[in-house]
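I have placed the structure first, in the form of structure tokens, so that the comments after it can refer back to it.
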Amino acid sequence: MTVIDPDTKAGWVPEAEDGNDVDGTEDMPLSMRLSIADTLTLGNATCGFMAVYFTTTGILIPHLTGSEETGMARHSAATAVILMLMAAIFDLFDGLVARKLRSSPMGAELDNLSDLISFGLAPAYFVLVYGMVADDAHQRVSALAAIVVLLAVVLRLARFSCVTLKDGMFQGMPSPFGALTVVSIVLLELPFVPTLLAIIGVAWLMVSRVEYPKPRGILAVAMLSWIVAAMGLLAAWAFDAPGGQLLLQTGCALQVVLGAVIPLFATARRVNTFRDNRREARAAQLP
């Protein structure tokens, strides 16, 4: 996530020592100047938009026109998901860069708007198109599930901007993780009802109070490695490599399992902490 340095209201751009801007932008408000982190955030938004584009041109339009080019649909689906994964990489690095180099005053707003496109609109649209092209899906019910995903991301991002939590934790499943889990559920090609219930479950986790650790240090490296591996699995599936379908399903299943296991561990840790606090309070009350 992009962060703003609370000690520096002026932004990231230092003033020239002689009072003159060599670039001729001395009249440009500091709030309108983009930092390196903001540029990465815009890359996030671009990937999200292009994911919608490939989902439309490679999956939806061939289906509506009666095209039987299933290879195009598979390649476009993989491209759309890879773009969402790239958006997650941009989202990971813009936060790291912002903490090192600072961001502009627009950083937090740009980050939320970009996340809404890449991890709200793009996966919700993917679910919507799934409901239109899958044989056993119901279009109107899928549209409702897509709206639930979109609204969950909107509410989660709004809450993130308003609620202050302890350092190193998120409240609710992070939107990039939620988006990738939703897409993984669709790619598993399960029956319609389990797919629908799992998607709604992920949407609920995004607006829940379950605490998730922020990707820093080793966790950030593990997340980046997993995203790169997922890209490889998608590429193998798109080009019909031997075992590509099995590898893709294995990767998607692992993503879904992680999405279910992490809240269980977080809840168990919270319950244990509550019990320990009660035990200490009782011990303190004993004479």
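These numbers come from the heavy atoms of this one structure, side chains and all, not from hydrogens, waters or symmetry mates.
Listed by first and then second residue, the salt bridge (charged side-chain N to carboxylate O under 4.0 Å, His left out) pairs that reach into residues 40-50 come to none, sequence neighbours excluded. Among pairs with a residue in residues 34-56, none fulfils ring-ring contact (aromatic ring centres under 6.0 Å, His included), at least two apart in sequence or across chains. For residues 226-235, the set of pairs meeting the salt bridge (charged side-chain N to carboxylate O under 4.0 Å, His left out) definition, not counting sequence neighbours, is empty. Screening residues 138-149 for salt bridge (charged side-chain N to carboxylate O under 4.0 Å, His left out), with sequence neighbours left out, gives no hits. Counting only residues at least two apart or on different chains, no salt bridge (charged side-chain N to carboxylate O under 4.0 Å, His left out) pair has a member in residues 242-251.
Note: Met223 CE to Ile218 CD1 = 16.0 Å, rounded to the nearest 0.5 Å. Rounding to the nearest 0.5 Å gives a distance of 6.5 Å between CG of Leu40 and CZ of Phe90. Atom CD1 of residue Ile227 and atom CG of residue Asp91 lie 9.0 Å apart, to the nearest 0.5 angstrom. Put simply, OG on Ser118 and CG on Leu83 are 9.0 Å apart, with the number rounded to the nearest 0.5 Å. Here Ser208 contributes atom OG and Gln171 contributes atom CD; the two are 7.5 Å apart, rounded to the nearest 0.5 Å.
Under the 4.5 Å side-chain heavy-atom criterion for ILVMFWY residues, a single connected hydrophobic cluster contains both Met50 and Ile89. Both Met173 and Val154 are members of a single hydrophobic cluster when ILVMFWY side chains are connected at heavy-atom separations under 4.5 Å. Hydrophobic cluster membership is shared by Phe177 and Ile200, with clusters built from Ile, Leu, Val, Met, Phe, Trp and Tyr side chains linked at under 4.5 angstrom. Leu157 and Val207 fall into different hydrophobic clusters, defined by Ile, Leu, Val, Met, Phe, Trp and Tyr side-chain heavy atoms under 4.5 Å apart, directly or through other members. Note on Ile117 and Val127: separate hydrophobic clusters, where clusters join Ile, Leu, Val, Met, Phe, Trp and Tyr whose side-chain heavy atoms are under 4.5 Å apart, directly or indirectly.
Every residue two or more places apart in sequence or in another chain that forms a side chain to side chain donor-acceptor pair (under 3.5 Å) with Thr56 is listed here: Tyr125. In this structure, the side chain to side chain contact (heavy atoms under 4.5 Å, CB included) partners of Thr65, at least two apart in sequence or on a different chain, are Ile61, Ser67. In terms of the side chain to side chain contact (heavy atoms under 4.5 Å, CB included) criterion, residue partners of Ala230 (sequence neighbours excluded) are, by chain and number, Leu85. The side chain to side chain contact (heavy atoms under 4.5 Å, CB included) test applied to Ala134 returns Tyr130, Asp136, Ala137, not counting sequence neighbours. Under the ring-ring contact (aromatic ring centres under 6.0 Å, His included) criterion, His138 pairs with Phe192, sequence neighbours left out.
Distance alone, capped at 3.5 Å, is enough to place a donor-acceptor pair between the Ser114 side chain and the Thr41 backbone.
Smallest separation of non-hydrogen atoms from Met132 and His63: O-NE2, 3.0 Å.
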For residues 182-191, please give each side-chain donor-acceptor pair under 3.5 Å, one per line with the distance, not counting sequence neighbours.
{"from": "Ser184", "atom 1": "OG", "to": "Leu180", "atom 2": "O", "distance (Å)": "2.8"}

Show which side-chain atoms of residues 235-261 pair as donor or acceptor with protein atoms under 3.5 Å away, not counting sequence neighbours.
{"from": "Trp237", "atom 1": "NE1", "to": "Gln245", "atom 2": "OE1", "distance (Å)": "2.8"}
{"from": "Asp240", "atom 1": "OD1", "to": "Arg74", "atom 2": "NH1", "distance (Å)": "3.2"}
{"from": "Thr250", "atom 1": "OG1", "to": "Leu246", "atom 2": "O", "distance (Å)": "2.8"}
{"from": "Gln255", "atom 1": "OE1", "to": "Trp226", "atom 2": "NE1", "distance (Å)": "2.8"}
{"from": "Gln255", "atom 1": "NE2", "to": "Thr181", "atom 2": "OG1", "distance (Å)": "3.0"}

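There is a side-chain donor-acceptor pair under 3.5 Å between Asp115 and Asn44.
You'll find the side chain of Trp204 stays beyond 4.5 Å of the side chain of Val148, heavy atoms only.
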Derivation and outcome, side chain to side chain contact (heavy atoms under 4.5 Å, CB included), residues Leu196 and Leu144: CA-CA 10 Å; Leu196 180 68; Leu144 180 61; over 6 Å; no
